[in-house]
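Working notes for the structure below.
We number each residue from 1, following the sequence as shown. Whatever order the structure lists ligands and atoms in, that order sets their numbers, starting from 1.
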Amino acid sequence: MTDSKVFQIIAMDGGAAVGKSSTSKALAERLDLMHVDTGAHYRTLTFALLNAGAAPEAEHEIESFLKSLKLETMLQERSARLSVNGQIPEDHEIRSPQVNANVSKIAAIPAVRKSLFNYQRAQAKVAREAGFAGLIMEGRDIGSVIFPDADHRFFLDADEATRAARRAKEGLTDSIADRDKMDKARKTAPLICPEGATRVDTGHRTLEEVVNYICSLIQIQA
Ligand code: DC
């Protein structure tokens, strides 16, 4: 069992395709952390809402639909996944062009963000109880809203050409620039580099270099 005194929380924010997931997963392996991808949370809710026939503009309808959803966590190795009414949708379902096209609109709805706030904060307890040395959570508002009190807060960035090339390599159709624009412009919990967070450029570094660099910063900041 991990000593609760050394339990650490790492917030990893940044725009689409800047390398948050690969970096967070590699850090989770290296530092024995539980990994939570909050982009997958918004994608899962978007998938559920679209399946239920909700229009992204129908905020009141969406708000009442959200109340009918039971959100739980299932641990898959070191990755904590959100299940909705007992189901975890497949990766290809939550990363489809249809979800990509709607997720930023859905994520801008205050009721949607509110429905995930306590759930996401509670992931620290899940990680502690499962015996991990800490939690790494990736998203857009982790260091600003969900865990402004995190032990370490990073904001990843990369040039547009690198980001587009990454998505193309994954074989995914994604409107990176449009999503970033909407995520930055929304009123509730916009995508920002929070004050005090460390900005890391992933565009001119390999994954290993990024992970080594962040590990060295964590040691310095500890
Ligand atoms: O990380 P991702 O590209 O899978 O995230 C999908 C969308 O979810 C992103 O365009 C905005 C939204 N999101 C958010 O609003 N807040 C978060 N903490 C994580 C993602």
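Near V103, meaning under 4.0 Å from any of its heavy atoms, are these atoms of ligand 1: 7 (C), 8 (O). Each of the following atoms of ligand 1 lies closer than 4.0 Å to a heavy atom of S104: 10 (O).
In the displayed structure, E160 atom CD is contacted under 6.0 Å by at most 12 heavy atoms of other residues, nucleotides or ligands.
The closest protein non-hydrogen atom to atom 16 (N) of ligand 1 is R113 NH2, 3.0 Å. Looking from atom 4 (O) of ligand 1 to the surrounding protein, the closest heavy atom is R43 NE, 2.7 Å. Looking only at heavy atoms of the protein, atom 18 (N) of ligand 1 is closest to D141 OD1, 2.8 Å. Distance from atom 11 (C) of ligand 1 to its nearest protein heavy atom, with residue and atom name: D183 OD2, 3.2 Å. Of all protein heavy atoms, the one closest to atom 12 (C) of ligand 1 is A107 CB, 3.8 Å. Looking only at heavy atoms of the protein, atom 19 (C) of ligand 1 is closest to T38 OG1, 3.4 Å. Closest to atom 6 (C) of ligand 1, if we only count protein heavy atoms, is R179 NH1, 3.3 Å.
At least one cation-pi condition fails for R199 and F154: the charged atom is not both under 6.0 angstrom from the six-membered ring centre and inside a 45 degree cone around its axis.
At least one N/O-N/O distance between R140 and ligand 1 falls below 3.5 Å. At a 3.5 angstrom cut-off on N or O pairs, R186 counts as close to ligand 1. Taking distance alone, with nitrogen or oxygen atoms compared against 3.5 Å, R167 stays at or beyond that limit from ligand 1.
Every side-chain contact (heavy atoms from CB on, under 4.5 Å) that T46 has, sequence neighbours left out, goes to L50, V99, N102, V103, I106.
Using modelled atom types, one finds no donor on one side chain facing an acceptor on the other under 3.5 Å when comparing R140 with Y42. Judged by distance alone, the side chains of H35 and E138 do bring a donor and an acceptor atom under 3.5 Å apart.
Here the closest non-hydrogen pair linking D13 and S144 is OD2-N, 4.4 Å.
Put simply, the side chain of R81 never gets that close to the backbone of T73: no donor and acceptor are under 3.5 Å apart.
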Which side-chain N or O atoms in residues 85-92 pair as donor and acceptor under 3.5 Å with protein atoms at least two apart or in another chain?
unit_1: N85; atom_1: OD1; unit_2: K70; atom_2: N; d: 2.6
unit_1: D91; atom_1: OD2; unit_2: R95; atom_2: NE; d: 3.4

